[in-house]
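Encoded as structure tokens, the structure appears first; notes follow it.
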Amino acid sequence: MAFAVMKLTDAAADRVKAIVDNAGGEAKGIRVGIKKGGCAGMEYSIDLVTEPNAKDDLIERNGARVWVAPEAVLYLLGTEMGFEVTTLRSGFTFHNPNQTSACGCGESVELKPADLAALAAAGQPTVRA
């Protein structure tokens, strides 16, 4: 089994497939990235992919395709992307071991790059540069 930057839950994969199906024929999946913003400093970004970028990492589960932007890889290593529906909201969730804090409203986070030495010591494959 190949190493993946992130893992998708079944719920996240189902939601990605629904988004792609509703978007029309040109959509192939979604792209996850990190951008500066919010009171904690960073936000997850999600965009529809019609033309994949060759530099992105591809994660597939149950027919869903999620590309990860190269500049986000070190911040997303070990992350599990889920999808939840609650009484007040529905949306993707990110259980990220590299998150150090979040703002009170939950819209932005503070992230640190993954510790590659710790991953190597734990026997985890490292990302190629």
Side-chain angles (χ1 to χ4, degrees):
M1 183 171 152
F3 172 74
V5 173
M6 290 190 332
K7 295 179 183 174
L8 300 177
T9 65
D10 286 338
D14 290 344
R15 183 61 182 145
V16 169
K17 287 190 298 188
I19 289 169
V20 170
D21 290 344
N22 289 332
E26 302 230 354
K28 294 180 172 51
I30 64 169
R31 185 176 198 241
V32 175
I34 301 291
K35 64 181 182 178
K36 292 184 181 197
C39 49
M42 296 179 136
E43 298 173 333
Y44 296 103
S45 65
I46 298 176
D47 298 299
L48 196 60
V49 172
T50 56
E51 192 61 41
N53 182 335
K55 294 181 181 180
D56 289 350
D57 281 276
L58 173 61
I59 297 145
E60 295 183 276
R61 180 172 181 146
N62 300 339
R65 293 181 180 163
V66 175
W67 282 270
V68 178
E71 62 275 5
V73 168
L74 283 178
Y75 294 102
L76 295 176
L77 280 172
T79 297
E80 181 182 74
M81 182 177 164
F83 182 78
E84 69 178 9
V85 177
T86 68
T87 304
L88 299 175
R89 75 175 287 278
S90 66
F92 288 108
T93 60
F94 295 90
H95 298 284
N96 187 339
N98 306 307
Q99 181 177 318
T100 57
S101 67
C103 68
C105 66
E107 292 299 316
S108 65
V109 293
E110 183 177 340
L111 302 172
K112 64 177 175 60
D115 183 347
L116 296 179
L119 287 172
Q124 296 290 325
T126 56
V127 176
R128 57 187 166 3

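Since we're looking at a predicted model, the values are computed, not measured.
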Path from V5 to V49 over hydrophobic side-chain contacts below 4.5 Å: no
Please output the side-chain donor-acceptor pairs of residues 14-22 that fall under 3.5 Å, not counting sequence neighbours, one pair per line with the distance.
from : atom 1 : to  : atom 2 : distance (Å)
K17  : NZ     : N62 : O      : 2.8
N22  : ND2    : A18 : O      : 3.2

Spacing of L76 atom CG and L111 atom CG [to the nearest 0.5 Å]: 7.5 Å
Hphob cluster co-occupancy, Y75 + V32, side-chain heavy atoms under 4.5 angstrom: yes
Rounded distance (nearest 0.5 Å) linking atom CD1 of I46 with atom CD1 of I30: 5.0 Å
Interatomic distance, E60 atom CD to W67 atom CH2 [nearest 0.5 angstrom]: 7.5 Å
For G33 against A69, the heavy-atom pair lying closest together: CA-CB, 4.2 Å
SB check E80 K7 (cutoff 4.0 Å): no
Gap separating the CZ atom of F94 from the OG1 atom of T79, nearest 0.5 angstrom: 8.0 Å
Spacing of CD1 belonging to I59 relative to CE belonging to M6, to within rounding of 0.5 Å: 4.0 Å
Where L48 and G29 come nearest, the two heavy atoms and their spacing: CD1-O, 3.6 Å
Approximate separation, where rounding is to 0.5 Å, of E71 CD and I34 CD1: 9.0 Å
Test salt bridge (Lys or Arg N to Asp or Glu O under 4.0 Å) applied to D47 - qualifying residues, sequence neighbours left out: none
Pairs satisfying side-chain hydrogen bond (donor to acceptor under 3.5 Å, both in side chains), at least one member in residues 23-44, at least two apart: R31-D56, Y44-N96
Least distance between heavy atoms, F83 atom then T93 atom: N-OG1, 4.0 Å
Short side-chain to backbone donor-acceptor contact, D57 and V68, under 3.5 Å: no
Over all atoms of both residues, closest heavy-atom pair of A64 and A13: CB-O, 3.4 Å
